[in-house]
Amino acid sequence: MNVLMISPGYPADMPEFTRGLAECGARVIGVGDSPAGGLPDLVKRSLDEYIEVRSLWDSAHVIGALRERLRGRSLERIECLWEPGIMLAAELREALGVEGLTIGEAHRFRDKEAMKQALDAAGIRTPKHVATDSIAGCWDAANEIGFPVIIKPIAGAGSADTYRVNDADELRAVLPRLRHVPTVSVEEFVDGEEYTFDTITIDGRIAYYNVAWYRPRPLIARNNEWISPQVIALRDVDDPSLAGGIEMGRQVIDALGFGTGFTHMEWYRKADGEVVFGEIGARPPGAHHVDQMKFACDFDVFRAWASAVTGGWLEQKIERRYNVATIYKRAKGVGRITRIEGADELQKRFGEHVCWNTLLPPGTPRRDWKKTLVSDGFIMLRHPDLAETLKMADAVGSELNLFAE
Ligand SMILES: Nc1ncnc2c1ncn2[C@@H]1O[C@H](COP(=O)(O)OP(=O)(O)O)[C@@H](O)[C@H]1O
Ligand SMILES: [Mg+2]
């Protein structure tokens with residue numbers, strides 16, 4: 001079977017997904033706008049063919065290039081696991097007559113207003129929401145919904161341009177900063193814990209899922225540099241406190257008519273137990289959450305996705321063995337990393353539980369912590385017991401320190 005993989009080399013996880021497809025026996029054709037010579041080796045090995053286009057963001061051009069290169073050869077699937085390419089994939093499917101998410105369906109995964117309207121119609125609890133493209137509209141929405149509210153782009157990512165607004169003064173201060181965002185969503189602020197519900201779904205049936213817990217909530221993590229944000233892939237998904245979110249996840253996938261592939265949903269649980277929808281993407285989560293899934297169950301999650309896409313089944317038996325914590329570190333200071341404190345001591349205490357360490361070595365320039373979810377690197381560790389996992393994660397958060405100058 002011929003599978004077209006959009007942007008097979010970028011971002012970080014794409015080479016592994018591309019490998020998965022090849023290992024499952026697909027003939028993988030890559031399309032991207034980066035030069036073939038610069039593709040990661042794993043991608044070069046996994047692709048049968050690479051179609052280099054001038055720009056991935058000119059869909060008419062991409063469609064033309066594909067028609068010319070394919071010359072009547074059929075494609076069975078068109079895959080994109082990268083948020084900015086979700087609409088492109090849908091456009092290519094419609095132009096080339098390939099099954100999978102249509103433009104209308106994909107739109108409901110991209111446009112947070114269309115998404116919530118579809119879910120409201122299905123009776124799913126979303127935050128109160130109003131989409132608007134004017135300042136007056138923001139004021140009306142805030143007054144109607146009641147402070148505090150969240151204001152965010154209807155097609156954002158990574159908490160960019162997202163603000164919690166507690167009162168009229170704050171709204172006045174925030175509005176000028178949103179001038180470059182064409183349409184915003186004003187939402188009821190939902191206070192609570194925040195989780196993911198990630199799936200590999202096959203023909204609308206959830207074949208595998210993962211629940212991860214954000215500590216703290218992404219918006220707080222993004223606005224406070226001193227925090228070492230944690231994401232915990234939870235082993236005990238049968239914990240009653242997660243049942244409402246998992247059930248909501250099933251309903252959301254149903255309501256949006258998702259067929260086959262990866263999904264990444266976020267949901268909130270309020271102190272009173274009420275579960276509220278956050279958002280959903282028709283793709284896996286980023287920031288190496290997919291690797292967390294791999295370490296939680298010791299399985300090849302990339303290949304599992306590929307086997308779902310190419311064969312309509314999961315070839316591996318999946319058993320949840322560990323909680324996996326990722327702790328993203330941000331150096332203190334600006335410039336280059338000069339030293340890392342606490343690493344030896346922590347290594348002695350629980351090095352055996354660490355599965356991955358990507359901390360930037362001394363001498364490397366710091367990353368822009370607002371722009372990257374992986375910060376200046378992370379520690380990923382795992383343990384069968386959740387309390388132990390959290391204890392180790394908190395120790396990495398507070399006792400491991402990177403310095404830069
Ligand atoms: N209605 C809301 N109530 C409370 N917090 C919210 C709300 N909407 C967004 N947030 C916070 O902002 C973060 C980013 O918003 P989200 O809708 O997930 O967009 P993104 O695509 O940027 O991840 C969320 O993870 C959450 O912490
Ligand atoms: Mg989000």
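For clarity, every value in this text was computed on a predicted model and none was experimentally measured. Counting starts at 1 for both ligands and their atoms, following the listed order. These values consider heavy atoms only, across backbone and side chains, with no hydrogens, waters or symmetry-generated copies.
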Closest non-hydrogen protein atom to [atom], residue and atom name please, with distance?
atom	value
atom 14 (C) of ligand 1	S159 OG, 3.3 Å
atom 17 (O) of ligand 1	K152 NZ, 2.7 Å
atom 25 (O) of ligand 1	E194 OE2, 2.4 Å
atom 16 (P) of ligand 1	E279 OE2, 3.5 Å
atom 5 (N) of ligand 1	R217 NH2, 3.2 Å

Quick one: sort the Y214 and H289 rings into parallel, tilted or perpendicular, breaks at 30° and 60°.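 If you compare the ring of Y214 with that of H289, the planes turn out tilted.
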Under 30°, 30 to 60°, or over 60°: which ring-plane class applies to Y209 and F197, parallel, tilted or perpendicular?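 Rings of Y209 and F197: tilted, 30 to 60°.
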Check for a donor-acceptor pair, side chain of [X] on one end and backbone N or O of [Y] on the other, with a separation under 3.5 Å.
X	Y	value
N210	D198	no
S307	E315	yes
D13	V290	no

Within 45° cone of W213 ring axis and under 6.0 Å: R215 NZ or CZ: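 Judged by the rule (NZ or CZ under 6.0 Å from the ring centre, within 45° of its axis), R215 counts as positioned above W213.
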Is the terminal nitrogen or CZ of R164 (NZ for Lys, CZ for Arg) located under 6.0 angstrom from the six-membered ring centre of F189 and within 45° of that ring's axis?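 Flagged: R164 positioned over aromatic ring of F189.
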Walk me through whether Y195 and W267 qualify under ring-ring contact (aromatic ring centres under 6.0 Å, His included). CA-CA 5 Å; Y195 299 88; W267 56 280; 4.6 Å; yes
Atom indices of ligand 1, in the order listed, that fall short of 4.0 Å to a heavy atom of [X]:
X	result
E187	1 (N), 2 (C), 7 (C), 8 (N)
G158	20 (P), 22 (O), 23 (O)
K112	16 (P), 17 (O), 19 (O), 20 (P), 21 (O)
P218	25 (O), 27 (O)
F189	3 (N), 4 (C), 5 (N)

Side chain, backbone, both or neither: which applies to E188 and ligand 1 if a contact is any heavy-atom pair less than 4.0 Å apart?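 Just the backbone.
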Evaluate the salt bridge (Lys or Arg N to Asp or Glu O under 4.0 Å) criterion for residues E83 and R283: first the C-alpha distance (whole Å), next the side-chain angles of each, then the deciding distance (0.1 Å), finally the verdict. CA-CA 7 Å; E83 185 68 21; R283 50 143 180 110; 2.5 Å; yes
Nearest option to atom 12 (O) of ligand 1, as decided by whichever heavy atom of D161, L219, L373 sits closest: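 Among D161, L219, L373, the closest heavy atom to atom 12 (O) of ligand 1 belongs to L219.
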Of V190, I280, D191, which has the heavy atom at the shortest distance from atom 4 (C) of ligand 1?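 Heavy atom nearest to atom 4 (C) of ligand 1 belongs to V190.
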Apply the side chain to side chain contact (heavy atoms under 4.5 Å, CB included) test between R366 and each candidate in E405, K332, R330; give the one that qualifies.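 That would be R330; it is the only one of E405, K332, R330 passing the side chain to side chain contact (heavy atoms under 4.5 Å, CB included) with R366.
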Taking side chain to side chain contact (heavy atoms under 4.5 Å, CB included) as the criterion, tell me which of D394, I379, T326 meets it with Q230.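 Testing Q230 for a side chain to side chain contact (heavy atoms under 4.5 Å, CB included) against D394, I379, T326 leaves exactly one candidate, D394.
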Does any N or O of ligand 1 fall below 3.5 Å from an N or O anywhere on G156, backbone included?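 Yes: some nitrogen or oxygen of G156 is under 3.5 Å from one in ligand 1.
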For the 3.5 Å polar cut-off, considering only N or O atoms, please tell me whether T162 and ligand 1 meet it.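 Between T162 and ligand 1, no N or O pair is found under 3.5 Å apart.
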With a 4.0 Å cut-off on heavy atoms, is Y268 in contact with ligand 1?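 Judged by the 4.0 Å heavy-atom criterion, Y268 does count as contacting ligand 1.
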How open is the angle at the Mg ion (ligand 2) from atom OE2 of E279 over to atom OE1 of E266, rounded to 10 degrees?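 OE2 of E279, the Mg ion (ligand 2) and OE1 of E266 span an angle of about 90°.
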